[in-house]
J.: 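One structure, pasted below without further comment.
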Amino acid sequence: MTLAKLKLLHLTPERLPAVVELDKLCLGGLWTLAGYERELASPNSELLVISIPAIAQATHDQGEQIVGIGCYWQILEEAHLTILAVHPDYQGQGFGKMLLRALLADAVKRGLERATLEVKASNTVALSLYKKFGFREAGRRRGYYQSTNEDALILWRGGLAYPEFAVELAQWQQEIEDYLKSNNWHYQA
């Protein structure tokens with residue numbers, strides 16, 4: 001059996017149109033092209049994408065399809081996760097885990113001590129993922145999502161600078177590689 005290769009890459013200007021389209025599909029157009037361009041220019045932002053080979057379709061992405069995007073902002077010693085999205089056709093295959101682990105690993109490289117994010121209180125799939133990675137509820141923002149007036153849960157994860165966290169990152173990496181392989185994907189950090 002041949003495994004399809006996927007890549008975890010830093011967002012580049014050439015990939016911006018594909019990322020904006022993915023944002024529209026997954027997040028309803030949370031950020032515009034100009035918003036992503038600002039993030040790319042900021043030394044305090046980290047943007048990662050998951051790329052897979054394009055499947056017999058004409059794309060303007062040189063034979064790749066962007067199926068995942070993740071971003072965090074460095075705010076003092078904190079990684080504030082702002083985006084984690086996977087194309088609906090590729091959810092449940094380990095891509096979200098892969099992105100989250102990569103963002104946290106990058107935060108460790110920058111010497112950050114903790115991570116935080118907001119998530120819809122009703123998003124049980126995302127909540128389950130974040131809890132697997134040690135995030136805990138720290139608060140609630142009432143009516144945070146204006147389009148639905150839904151609350152956001154504030155999640156926190158400390159201990160990024162501790163040696164034990166490096167061990168967790170390594171364990172997650174192996175688990176993610178095994179899970180991706182079980183879904184016919186090849187990825188090696």
Side-chain angles (χ1 to χ4, degrees), residues 8 10-11 15-16 18-50 66-162 165 168-169 172 176:
L8 182 65
H10 290 277
L11 180 59
R15 294 185 175 99
L16 282 173
V19 165
V20 170
E21 288 304 310
L22 183 63
D23 182 303
K24 287 178 189 173
L25 178 66
C26 296
L27 306 168
L30 182 66
W31 288 357
T32 62
L33 177 61
Y36 279 104
E37 289 171 337
R38 277 191 305 275
E39 294 303 315
L40 270 179
S42 172
N44 295 322
S45 290
E46 183 64 39
L47 293 115
L48 300 173
V49 296
I50 295 177
I66 302 300
V67 296
I69 175 91
C71 178
Y72 77 83
W73 297 334
Q74 178 179 343
I75 303 171
L76 302 174
E77 58 280 330
E78 177 183 302
H80 181 77
L81 280 75
T82 56
I83 290 182
L84 188 71
V86 174
H87 190 290
D89 292 347
Y90 297 93
Q91 291 176 1
Q93 298 183 43
F95 292 8
K97 292 176 189 173
M98 181 179 156
L99 274 170
L100 181 56
R101 188 228 167 257
L103 291 169
L104 292 172
D106 188 84
V108 169
K109 287 180 189 171
R110 288 189 186 210
L112 305 184
E113 298 173 7
R114 60 189 166 273
T116 186
L117 59 93
E118 289 95 6
V119 61
K120 283 185 179 180
S122 65
N123 192 341
T124 57
V125 173
L127 284 166
S128 175
L129 171 65
Y130 296 133
K131 287 181 180 180
K132 285 178 189 171
F133 280 76
F135 283 85
R136 300 289 174 249
E137 187 175 334
R140 180 181 289 260
R141 298 189 196 282
R142 303 248 179 243
Y144 183 78
Y145 296 98
Q146 294 176 353
S147 61
T148 60
N149 200 35
E150 186 173 350
D151 293 353
L153 298 179
I154 304 165
L155 303 183
W156 282 84
R157 164 71 209 227
L160 273 59
Y162 295 146
F165 189 68
E168 287 183 70
L169 283 173
W172 290 331
I176 291 165

J.: Does Leu117 reach the side chain of His80, with side-chain heavy atoms less than 4.5 Å apart?
T.: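 They are not in contact (no side-chain heavy atoms under 4.5 Å apart), so the answer is no.
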
J.: Working to the nearest 0.5 angstrom, can you tell me the gap between Tyr72 OH and Leu112 CG?
T.: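 CG of Leu112 is found 5.0 Å from OH of Tyr72.
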
J.: Provide the closest heavy-atom pair for Gly143 versus Asn149 in the form atom of the first, atom of the second, distance.
T.: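 Nearest heavy atoms, Gly143 then Asn149: CA-OD1, 3.4 Å.
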
J.: List the steps, then state whether side-chain contact (heavy atoms from CB on, under 4.5 Å) holds for Glu46 with Glu39.
T.: CA-CA 8 Å; Glu46 183 64 39; Glu39 294 303 315; over 6 Å; no

J.: Check the orientation of Tyr36 and Trp31. Use parallel for under 30°, tilted for 30 to 60°, and perpendicular for over 60°.
T.: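 Perpendicular: the ring planes of Tyr36 and Trp31 meet at over 60°.
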
J.: Between Gln74 (side chain only) and Arg110 (backbone N and O only), is there a donor and an acceptor less than 3.5 Å apart?
T.: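 Here the side-chain-to-backbone pair does not exist.
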
J.: Of all heavy-atom pairs between Ala121 and Glu150, which one has the smallest distance, and what is that distance?
T.: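 That would be N-OE2, 3.5 Å.
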
J.: Would you give the length of the straight line joining atom CG of Leu81 to atom CG of Leu104, rounded to the nearest 0.5 angstrom?
T.: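 Between atom CG of Leu81 and atom CG of Leu104 there are 6.0 Å.
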
J.: Would you say the side-chain atoms of Thr116 pair up with the backbone N or O of Leu155, donor to acceptor, closer than 3.5 Å?
T.: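 Looks like yes, one N/O pair under 3.5 Å.
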
J.: Can you check whether Glu77's main-chain N or O pairs, donor with acceptor, with Arg114's side chain at less than 3.5 Å?
T.: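 No; judged by distance alone, with no hydrogens or angles, the pair does not exist.
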
J.: Tell me whether Gln91 contacts the main-chain N or O of Val86 through its side chain, where contact means a donor paired with an acceptor under 3.5 Å.
T.: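 Side chain of Gln91 to backbone of Val86: a pair is present.
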
J.: Which value, rounded to the nearest 0.5 Å, describes the distance between Glu118 atom CD and Asp151 atom CG?
T.: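 Going from the CD atom of Glu118 to the CG atom of Asp151 covers 12.0 Å.
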
J.: Would you please test Arg157 and Glu168 for salt bridge (charged side-chain N to carboxylate O under 4.0 Å, His left out) and show each step?
T.: CA-CA 13 Å; Arg157 164 71 209 227; Glu168 287 183 70; 3.1 Å; yes

J.: Check Ile69 against Val49 and note the closest heavy-atom contact, atom names and distance.
T.: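 Taking Ile69 first and Val49 second, the nearest heavy atoms are CD1-CG1, 3.6 Å.
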
J.: So for atom OH, which belongs to Tyr145, do other residues, nucleotides or ligands contribute more than 12 heavy atoms lying within a distance under 6.0 Å?
T.: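 Check passes, neighbour count above 12.
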
J.: Supply the atom-to-atom distance Tyr130 OH to Trp156 CH2, rounded to the nearest 0.5 angstrom.
T.: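 So the OH of Tyr130 and the CH2 of Trp156 are separated by 15.0 Å.
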
J.: How many angstroms lie between CD in Glu137 and CD1 in Ile154, if you round to the nearest 0.5 Å?
T.: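 Taking CD in Glu137 and CD1 in Ile154, the distance rounds to 8.5 Å.
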
J.: Which heavy-atom pair separates Lys97 from Phe133 by the least distance, and what is that distance?
T.: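 Shortest heavy-atom contact: O-CZ, 3.8 Å.
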
J.: Please report the closest heavy-atom contact between Gly94 and Ile176, naming both atoms and the distance.
T.: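 Nearest heavy atoms, Gly94 then Ile176: O-CG2, 4.3 Å.
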
J.: Just verifying a value: how many Å separate Lys120 NZ and Thr148 OG1, rounded to the nearest 0.5 Å?
T.: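 Interatomic distance, Lys120 NZ to Thr148 OG1, rounded to 0.5 Å: 4.5 Å.
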
J.: When you compare the side chain of Leu48 with that of Leu8, does any pair of heavy atoms fall below 4.5 Å?
T.: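 Yes, at least one pair of side-chain atoms sits under 4.5 Å.
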
J.: Taking the side chain as C-beta and beyond, is there a heavy-atom pair between Leu160 and Glu113 under 4.5 Å?
T.: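 A side-chain contact is absent here, since even the closest heavy-atom pair is not under 4.5 Å.
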
J.: Report yes if the side chains of Leu16 and Leu11 come closer than 4.5 Å at any heavy-atom pair, otherwise no.
T.: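 Yes, their side chains come closer than 4.5 Å.
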
J.: Is any side-chain heavy atom of Ile83 closer than 4.5 Å to one of Asp23?
T.: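 In contact.
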
J.: Please answer whether the main-chain N or O of Trp73 pairs with a side-chain N or O of Asn44 as donor and acceptor at a distance below 3.5 Å.
T.: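 Looks like no, no N/O pair under 3.5 Å.
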
J.: Heavy-atom distance under 4.5 Å between the side chains of Tyr90 and Ile50, does that happen here?
T.: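 Not touching, per the 4.5 Å side-chain cut-off.
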
J.: I'd like to check Val119 versus Leu84 (side-chain heavy atoms, cut-off strictly below 4.5 Å). Are they in contact?
T.: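 Side-chain contact under 4.5 Å: no.
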
J.: Heavy-atom distance under 4.5 Å between the side chains of Leu127 and Phe135, does that happen here?
T.: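 Leu127 vs Phe135: side chains apart.
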
